[in-house]
Amino acid sequence: MRRAVAPAAGSRIDDVIRPRSRLQPILMSPPLAQFRRGASGRTIQSVGRVGKRVVLALDNAARIVLEPRMTGLVLLADPPNASHLRLVLELSGGSARQILFWDQRGLGVARLVTPEQFDTFYGPQRLGPDALEIPLHDLRQRLRGSRRPIKVALMDQALLVGVGNLYASEILHRALVHPARPCQQLRPEHWRRIHRELRAVLEEAIVHEGSTLSDGTYRVEREGRYQTYHRVYQRAGQVCLQCGRGSIVRIVQAQRSTFFCPCCQRSNGIRD
DNA sequence: CATATGTCCTGAGAGC
DNA sequence: TGCTCTCAGGACATAT
């Protein structure tokens with residue numbers, strides 16, 4: 001998502017518009033009028049990322065943080081439809097004409113923040129290191145004291161950023177670790193496998209431009225293809241592609257679906 | 001402190 | 001057809 005928006009770097013923001021819609025507006029901070037005054041006339045110096053958020057660094061050191069959450073998209077063109085378009089940054093001076101914030105459910109957030117606010121809300125006090133960069137010892141150090149299930153801890157953005165519900169299940173299946181196992185009980189071999197599969201799953205998913213699920217919303221410039229590589233996610237009742245014996249089970253952890261193979265991901269002992 | 005739960009919002013699909 | 005219910009790449013305030 002960040003890469004698709006990267007060509008907007010160097011462009012000037014001419015205006016910030018909320019398309020009229022029967023739907024609830026997304027949360028903006030500050031409110032639209034003030035947001036527009038603060039962003040208009042500024043040049044986008046870079047398009048970055050903090051975990052799952054897209055970050056536009058402006059020439060006055062302020063930043064725009066776009067947080068799509070579950071069903072939001074940040075795009076330069078071609079949103080899935082017009083009715084769920086929530087916010088438009090109109091641009092000039094470069095190849096991109098606009099940045100679009102599209103969000104089916106409207107849970108997304110757009111923030112214009114000062115450098116101090118950025119550090120407060122998105123700095124290391126609030127958010128952990130990126131999942132693609134965290135070293136093994138750091139991952140282990142941060143999680144291993146916890147009594148929480150490993151799957152729930154992996155999704156805690158204060159510990160590390162970038163792992164959501166879908167990928168947490170996929171990572172643990174490939175790492176052969178039961179999702180309900182408390183972090184405290186995991187052994188060095190488990191952490192090694194979790195660390196390896198964490199990177200592997202996310203990097204493969206990025207190569208295939210993410211997972212377009214049954215709701216059809218997630219896309220970058222076209223639909224993602226990683227859903228065809230899912231081994232457990234939304235495969236409850238189907239045979240495990242890894243062992244060919246177990247059938248995939250769905251459980252609920254912290255109000256979210258978890259999928260795993262009871263055969264490959266047994267809680268006892270260490271397997272390879 | 002660490003951990004658990006309810007809530008925001010819209011739409012799709014299942015079951016009756 | 002229409003109703004109700006459940007569920008969804010998330011994060012945060014508030015409760016325990």
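Every chain is numbered from 1 and lettered A, B, ... according to where its sequence line falls, protein lines coming before strand lines. The model shown is predicted, which means the values in this text are computed figures rather than measured ones.
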Those residues that, when tested against F260(A), pass ring-ring contact (aromatic ring centres under 6.0 Å, His included) (two or more places apart): H178(A)

Atom-to-atom span, CZ of R22(A) to P of dT10(B) - whole angstrom: 8 Å

Return no unless some side-chain N or O of H84(A) is found under 4.0 Å from OP1 or OP2 of dC9(B). no

Whether over 12 other heavy atoms sit under 6.0 Å from N81(A) CG: yes

Would you tabulate the nitrogen or oxygen pairs shorter than 3.5 Å linking the protein to nucleotides 5-8 of chain C?
from	atom 1	to	atom 2	distance (Å)
dA8(C)	OP1	S257(A)	OG	2.1
dA8(C)	OP2	S257(A)	OG	3.4
dA8(C)	N3	R105(A)	NH1	3.4

In a table with atom names and distances, give each donor-acceptor pair under 3.5 Å that connects a side chain of residues 118-126 of chain A to protein atoms at least two apart or in another chain.
from	atom 1	to	atom 2	distance (Å)
T120(A)	OG1	E116(A)	O	2.9

Which residues, ordered by chain and number, are linked to V152(A) in its hydrophobic cluster, where ILVMFWY side chains connect at heavy-atom gaps below 4.5 Å, directly or through other members? none

Partners of R63(A) by side chain to side chain donor-acceptor pair (under 3.5 Å), sequence neighbours excluded? none

I'd like a table of donor-acceptor pairs (distance under 3.5 Å, sequence neighbours excluded) in which one partner is a side-chain atom from residues 132-142 of chain A, with atom names and distances.
from	atom 1	to	atom 2	distance (Å)
D138(A)	OD1	R142(A)	NE	3.2
R142(A)	NH1	L159(A)	O	3.2

With pairs taken as Watson-Crick or G-U wobble and both distances under 3.5 angstrom, which stems of at least three consecutive pairs involve DNA chain B? B:2-8 with C:10-16, B:10-16 with C:2-8

Listed by chain and number, what are the side chain to side chain donor-acceptor pair (under 3.5 Å) partners of Q238(A), not counting sequence neighbours? R235(A)

Tell me the ring-ring contact (aromatic ring centres under 6.0 Å, His included) pairs involving residues 64-88 of chain A, sequence neighbours left out? H84(A)-W102(A)

Could you give the distance separating dC9(B) and dT14(C) at their P atoms, to the nearest angstrom? 16 Å

Using a cut-off of under 3.5 Å, enumerate the N/O to N/O pairs linking the protein to nucleotides 12-16 of chain C.
from	atom 1	to	atom 2	distance (Å)
dC12(C)	OP1	R53(A)	NH2	3.3

Listed by chain and number, what are the side chain to side chain donor-acceptor pair (under 3.5 Å) partners of R192(A), not counting sequence neighbours? none

For S146(A) and dT3(B), is the shortest distance between a side-chain N/O and OP1 or OP2 below 4.0 Å? yes

With sequence neighbours excluded, residues passing side chain to side chain donor-acceptor pair (under 3.5 Å) with R53(A): E67(A)

